[in-house]
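Reckoned from all heavy atoms, side chains included, excluding hydrogens, waters and symmetry mates. If you're wondering where the values come from, they're calculated on a predicted model, not measured in any experiment.
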Amino acid sequence: MTKRQLGLIFIGLGVLGAVGLLGVDLVGAGQFNGIGPTQRLGLLAAGAVILVGLTLLPLGDKPA
């Protein structure tokens, strides 16, 4: 596995996490209208995972 592949996996997981957290609103779970405090923290964590993935992409085909 290369660092580029690992970066793409991290980006994919971060995007899936963010979409999942926003999808919770469609189901109607939770007591907050809009984005609640826990969702904000989750979105922040998903954004951090995406940023880690983006930093791995330029490292190319080096082994992870």
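Leu21 contributes atom CG, which lies 11.0 Å from atom CG of Leu44 (distance to the nearest 0.5 angstrom).
Under the 4.5 Å side-chain heavy-atom criterion for Ile, Leu, Val, Met, Phe, Trp and Tyr, Val49 and Met1 are members of the same hydrophobic cluster. Note on Ile50: it clusters hydrophobically with Leu57, by side-chain heavy-atom contacts below 4.5 Å among ILVMFWY residues. Linking ILVMFWY residues whenever their side-chain heavy atoms come closer than 4.5 Å, directly or via other members, leaves Val52 and Val15 in distinct clusters.
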Which donor-acceptor pairs under 3.5 Å do side chains of residues 2-14 form with protein atoms, sequence neighbours excluded?
| unit_1 | atom_1 | unit_2 | atom_2 | d |
| --- | --- | --- | --- | --- |
| Thr2 | OG1 | Gln5 | N | 3.2 |
| Gln5 | OE1 | Thr2 | N | 3.0 |

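Between Leu59 and Thr55, the shortest heavy-atom distance links the atoms CG-O, 4.0 Å.
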